[in-house]
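Data block below; observations after.
Since we're looking at a predicted model, the values are computed, not measured.
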Amino acid sequence: MRRFPPVGLILFGVSMFAILSCRDQATCPRCDTAVIAAISEPPSILPPLVDESVGRDIGDQVFERLALLKAGGAPIDTSAYRPALAERWERVDALTWRFHLRPGARWHDGRPVTAEDVRFSFATFSDSTLHSVAEPYLAGRVQVVPIDSATFTVRFTEPSPEQLYDATYHVRVIPKHVWEGTPIDSWAADTSTARLVGSGPFRVERWERGQFLVLAADSAARETPGLRRVIWRFTADPDAALNLVLSHEADLLETAIGPERVSRAAADSTVRLISYPSAAYGFLGFNLQDRERRRPHPILEDRHTRRALALGVNRSVLARSVFGDDAKAPPGPMSRLLWIWSDEIRTLPYDTAAAADSLEAAGWRRGADGVRRREARRLAFDILVPTTSGSRRQLAVQLQEAWRRLGAEVTVTAVDFPVFQERLGQGRFDSYIGAWLDEPSPRSLADQWSRSGWDAINYGRYASPTFDSLLAAAGSESERDRAAELYRRAMETLNADAPAIFLYAPANTAVVSRRIGNVRIDPFSWASGLREWTAAEMHTPVAASGSSGS
C-alpha cells in the first residue's frame, strides 16, 4: 500500500490533512466528509470506458442515467422505474419511447443538459472504438431522435419486453460540448479531471492517481447531498482496505471478503456491519470439448459422469465454509439479486451413494489404488483457478477431497489471472472455478451457457437446444410470472445436464464507521444512495500522511 505524500504537496483549497482530520475536538465543526476504502483503482470513471465496479461506483455519483430501476425490480416491469435525469416518459408505440428531461438539469459547468447530449451519449456507448459494456445491447438496435431541447424519442429496431431497461440502465449521459471535439480513440488516454463534467450530485474535485480521488457536492444539485466531500482511497488488496477502516483512516469498505475479515471487523466497536446480498455467483465449470484435438472431452463430455460428480458435492456446506453462514448454494447460474431466483428450482441433491452408483453405471470401476478407471482411462482431471482468489483455491481443494472419496484423481492448478483468462479462452482446461457478476436482466445467461455464447464466455462449450429455446422464450415474455416459469424450466434443464456445479451465492458485509449515518445499500449498486449519507464529527484523529495501516 502506498503512503500519502507530505501534506504540503497535496493542498487544494484546503489541505487533505484538514479534510481527513479533526485535530481539535473541542472546536471542530461537523466534518461532512466520508472516506471510502477501495480494493482497486479504476483506469477511468468516464462511463463509456468503465467496465469494473469501482469506476462505476464513483462515476454514478457524477453522471446520471435517465431513470433508475428500483432495488429488486424486474427489468420487464415498467412500473419499477423512477425518475433520474428524465422527469417522465411514455410509450409511443411498440418500438418507441418518448422521454422528457428534468427541468433545470445542468452540467457541473453550468450549461443545460439537452436532448442532443442524450443522443451523443447513446452514440458513444454504441461506438465499437470504445468497446463499452453496453455496445452489444445498443449498437444497431437503438436510435435517439431529439424533438426539442428537453424531449427526445428512443426507438428500437425490434420489440422487446426490456426496452425501458435498455433505454435507461446502460447509458449514463455525458456532455457533448466537452467530448465531441476530441477523437474518440484518444478518450481512454485522457487523464484530465477538468473534462469529467457530469450532472449528478457530486463533481470531481481532485484525482491523485494511485492514491485517492475526491468528489465534492455540487452546489447546484437538485437535492443537496448530506456529505460535502467523498474520498475514495485506493488500496492493493482486501486486507489493506480493511485496515484503513479499522485504523480510522477510512469510514467504509464495500465488503469484507471472507469470514476471517468479517470477524476482525465485528470485534471493533467503532464500526458496524451491514450485510446485503452480493450480485456475484460462483461455479465449477466443466470443459465438454478437447479443442486442441478437436474432439469431445474424454471424461467430462459424458453427462452421466458430470451428474455423478455433482451428486458428490455438498454445495450448501461448501458455500458456508468458504464464504460464511450467510452464503447460499444457488439454484442455477444466478446471484441472490436476480429476480428469477427461486428455491423451488430443482437441483441435483447431495447424495454420495447415488454418486457412486452413477459412476459405476457409467463404467467407472475402482482400482486397487482407489482411483476409478473406465477401460484404460483413469477418472482424472484438473481444476484451474486464479492465484488472485484465495476463496476459489479453497473451494478447489475441498472439491478435490470430495471427489477423491468418490474415486476421482483431481489436481488443482493455480495460475496468474491473465493466464487464467487466456487458458479459458483457448479451452486449455478440464474444469475451472469461475465467478460472474449479475446485472438485473437474466439475458446474460445466453453468453454464459447457450450455444451462442461459444464465442463469448461459454468457455466449457455446453450446448442444449432445449435450454436455448426456453431461454429465448423467457427473454421475449413480457408477463413476469410467465417469464419466471420459463426461466425456471431453463434452469432445471441446465442443472440436470450438469455442465457446471453452481457453488455459491455470497452475501456481502460492508464495514461502516459509526460516524456515517443513513447508509442504505442497493445491492446492485451499493453506493447509489451515497447522496443521502451523513457524517458526524470525527472522534478519532486521522493521520493523512502516515502509514495506510496495511
Before we go on, tell me: are the rings of F120 and F125 under 6.0 Å apart, centre to centre? no
Atom CG of L215 and atom OG1 of T33: how far apart are they, to the nearest 0.5 Å? 11.5 Å
Close side-chain approach of L213 to T193, heavy-atom, < 4.5 Å: no
Distance under 6.0 Å and angle within 45° of the ring axis: does R392 meet both against Y432? no
Lys NZ or Arg CZ of R315 over F502 ring: under 6.0 Å, within 45°: no
Would you please indicate if the ring centroids of H170 and Y165 are separated by under 6.0 Å? yes
Between H248 and S513, is there a side-chain donor-acceptor contact under 3.5 Å, judged purely by atom types and distance? no
Nearest-0.5 Å distance, OG1 of residue T168 to OH of residue Y81: 5.0 Å
Under the 6.0 Å and 45° cation-pi test, does R195 pair with W179? yes
T191 side, atom OG1; L196 side, atom CG - distance, nearest 0.5 Å: 9.5 Å
Do T129 and D185 have side-chain N/O donor and acceptor atoms under 3.5 Å apart? no
Polar contact flag, side-chain donor to acceptor under 3.5 angstrom, W97-Q163: yes
Can you see whether W207 has R209 sitting over its ring - NZ or CZ less than 6.0 Å from the centre and within 45° of the normal? yes
For the residue pair Y487 and W339, does the interplanar ring angle fall in the parallel (under 30°), tilted (30 to 60°) or perpendicular (over 60°) class? perpendicular
How long is the gap from OG on S444 to CD1 on I457, to the nearest 0.5 Å? 7.0 Å
